[in-house]
Amino acid sequence: MTRPRLYSGMQPSADSLQVGNYIGALLQWRDLQDAYEAFFSVVDLHALTQPNDPAELREKTRRTAAQYIAAGIEPSRSTLYVQSHVRAHAELAWILSTITGFGEANRMTQFKDKSARYGTDQTNVGLFTYPVLMAADILLYQTDIVPVGDDQKQHVELTRDLAERFNARYGAAFTVPIPVIQKETARIYDLQNPTAKMSKSAESDAGVLWLLDDPAVSAKKVMRAVTDSEGTVRYDRESKPGVSNLLTIYAALTGRQIPSIEDEYAGRGYGDFKKGLAEVVVNEFGPVRERALDLLADPGELDRVLASNADRAAEVADATLSDVYDRVGLLRRS
Ligand code: ATP
Ligand code: LTN
């Protein structure tokens with residue numbers, strides 16, 4: 001029985017992942033590994049669109065991979081690899097860029113936001129073509145589903161358009177993937193600024209819960225999270241964004257429904273609720289952190305796992321790329 005294919009990835013843009021990555025991505029990835037033949041990458045080529053110290057980028061790449069495994073991605077069951085280890089990604093991205101409209105790429109909101117924030121002089125062309133490389137990631141593996149947070153939906157839509165365009169022009173080379181977005185957890189917000197998405201590259205670290213933080217530090221951040229003056233533990237995204245965000249995190253990490261958590265804390269203050277959540281966070285992240293640090297203590301072994309997974313990925317990716325080269329009319333080297 002062949003299982004449908006799944007593809008997803010994250011940028012190695014920090015030493016640690018944050019709770020939004022964990023809830024919005026890793027928990028689903030872990031749970032989908034049985035039903036799907038899954039490919040998970042650490043997208044280091046994408047990370048180059050931001051300034052990086054080379055030694056730090058290498059370290060962040062390993063750390064990101066270790067956290068995937070620590071969160072339950074099994075490299076014997078799923079293919080977990082580093083994007084730059086499979087050359088086909090950069091090569092297919094080039095081919096796809098030749099069928100991508102300039103205006104089409106220019107409509108991507110992530111690019112518009114980032115270029116507006118930094119100015120066009122500080123914005124590189126790689127950031128502009130970022131979604132085309134992402135499309136190459138997905139299409140190389142004949143992917144059926146792409147589980148992502150809602151910020152990536154537009155990129156997956158572009159991927160679908162490119163796949164359909166290529167197939168119409170050159171014949172059916174690609175499976176057309178669908179994005180899978182879990183509504184309730186699609187967006188975890190910053191604890192200090194609960195209307196902004198929690199992000200690895202947030203300007204301030206006070207509202208970001210890091211997977212690899214010392215548990216005592218995470219507990220303190222939960223206790224200091226911004227709430228409101230009402231004093232009732234109740235979900236209301238509009239008027240109580242802080243408390244609602246904490247409820248979302250609580251529910252996602254325990255697998256409980258929000259109303260049951262509201263009931264548990266009815267008539268009790270935010271202090272109790274936060275204490276409860278701090279405990280949940282420490283219990284969940286403690287073991288993940290330990291596993292990740294164990295894996296990082298033996299980088300040689302981790303590198304070997306990544307290398308054999310990259311071989312597996314390359315087998316699939318090279319087959320797609322070779323078919324694409326033929327279809328567009330590149331002369332075969334004899
Ligand atoms: P960066 O700040 O470097 O862009 P990020 O923390 O926003 O990083 P990404 O590497 O862009 O995270 O995303 C990895 C995955 O985690 C994606 O599927 C993304 O949608 C998901 N994700 C990131 N932040 C959140 C969040 N706050 N809530 C839910 N999902 C998130
Ligand atoms: N752009 C994504 C990371 C990413 C990705 C992918 C996700 C790169 N290639 C392929 C899913 C499938 C991000 O920033 N979260």
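Whatever order the structure lists them in is the order used to number ligands and atoms, beginning at 1. Small disclaimer: the values here were computed from a predicted structure and weren't measured.
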Practice item. Salt-bridge test for R327 and D323: reply yes if a basic N is under 4.0 Å from a carboxylate O, no otherwise. Key: yes
Review point. Less than 3.5 Å between some nitrogen or oxygen of G20 and one of ligand 1, yes or no?
Key: yes
Check your understanding: Mind checking whether V146 and I178 have side chains closer than 4.5 Å, heavy atoms only?
Key -> no
Point to revise | Sub-4.0 Å atoms of ligand 1 with respect to non-hydrogen atoms of K197 | key: 5 (P), 7 (O), 23 (C), 24 (N), 27 (N)
Exercise for review: Return a yes/no value for G149: is any of its N or O atoms, backbone included, closer than 3.5 angstrom to an N or O of ligand 1?
Suggested key: yes
Point to revise | Winner among H46, M10, Q18, K153 once heavy atoms are compared against atom 6 (O) of ligand 1 | key: Q18
Check your understanding: Without hydrogens or angle criteria, can the side chains of S84 and D44 be said to hold a donor-acceptor pair below 3.5 Å?
Key -> yes
Check your understanding: Of the choices N21, V42, L17, L26, which has the non-hydrogen atom that lies closest to atom 16 (O) of ligand 1?
Key -> N21
Study note, to complete from the structure: Only one of K114, Q154, K153 passes side-chain hydrogen bond (donor to acceptor under 3.5 Å, both in side chains) with T109, and that residue is Q154
Practice item. Could you tell me whether I188 and ligand 1 have an N or O pair separated by under 3.5 Å? Key: yes
Exercise for review: Could you list the residues that satisfy salt bridge (charged side-chain N to carboxylate O under 4.0 Å, His left out) with E262, not counting sequence neighbours?
Suggested key: none
Check your understanding: Should D151 and K197 count as an ion pair when the cut-off is N to O under 4.0 Å?
Key -> yes
Point to revise | Short N or O distance, M198 and ligand 1, threshold 3.5 Å exclusive | key: yes
**Study point:** Residue G24 vicinity, atoms of ligand 1 by number, heavy atom under 4.0 Å
**Key:** 29 (C), 30 (N)
Review point. How does K200 reach ligand 1, if at all, at less than 4.0 Å between non-hydrogen atoms: by side chain, backbone, both, or neither?
Key: both
Exercise for review: Determine, for R63 against E59, whether the closest basic-nitrogen to carboxylate-oxygen distance falls under 4.0 angstrom.
Suggested key: yes
Check your understanding: Can you find an N/O atom of K114 closer than 3.5 Å to an N/O atom of ligand 1?
Key -> no
Exercise for review: Using a strict 4.0 Å cut-off to heavy atoms of S201, name the atoms of ligand 1 that fall inside it.
Suggested key: 1 (P), 2 (O), 3 (O)
Review point. Between S199 and ligand 1, which residue portion shows a heavy-atom distance shorter than 4.0 Å: side chain, backbone, both, or neither?
Key: both
**Study point:** Ion pair E74/R30, N-O distance below 4.0 Å
**Key:** no
Review point. With sequence neighbours left out, what residues match R87 under salt bridge (charged side-chain N to carboxylate O under 4.0 Å, His left out)?
Key: none
Check your understanding: Between K240 and D228, is the closest basic N to carboxylate O distance under 4.0 Å?
Key -> yes
Check your understanding: Hey, would you say the F166 and F174 ring centroids sit under 6.0 Å apart?
Key -> yes
Review point. Where's the contact between Q50 and ligand 1, heavy-atom distance under 4.0 Å: side chain, backbone, both or neither?
Key: neither
**Study point:** Those residues that, when tested against R268, pass salt bridge (charged side-chain N to carboxylate O under 4.0 Å, His left out) (two or more places apart)
**Key:** D272
Check your understanding: Just checking, any donor-acceptor pair under 3.5 angstrom between side chains of E284 and Y22?
Key -> yes
Review point. Can you name the one residue among K200, K60, R62 that meets side chain to side chain contact (heavy atoms under 4.5 Å, CB included) with P12?
Key: K60
Practice item. Before signing off on this row, confirm whether D150 and ligand 1 have an N or O atom pair separated by under 3.5 Å. Key: no
Check your understanding: Of the listed options (A202, S13, A25), which comes nearest to atom 3 (O) of ligand 1 when hydrogens are ignored and any heavy atom counts?
Key -> S13
Revision key, fill the gap. Residue shell for ligand 2, any heavy atom closer than 4.0 Å, reads Y7, S8, G9, Q11, V43, H46, Y130, M134, D137, I138, V146, V148, Q152
Review point. Does a side-chain N-to-carboxylate-O contact under 4.0 Å join K221 and D205?
Key: yes
Review point. Is there at least one pair of N or O atoms, one from Q152 and one from ligand 1, spaced under 3.5 Å apart?
Key: no
Revision key, fill the gap. Under 4.0 Å from one or more heavy atoms of Q11, ligand 1 contributes atoms 10 (O)
Review point. Considering only heavy atoms of D151, which atoms of ligand 1 have at least one such atom less than 4.0 Å away?
Key: 19 (C), 20 (O)
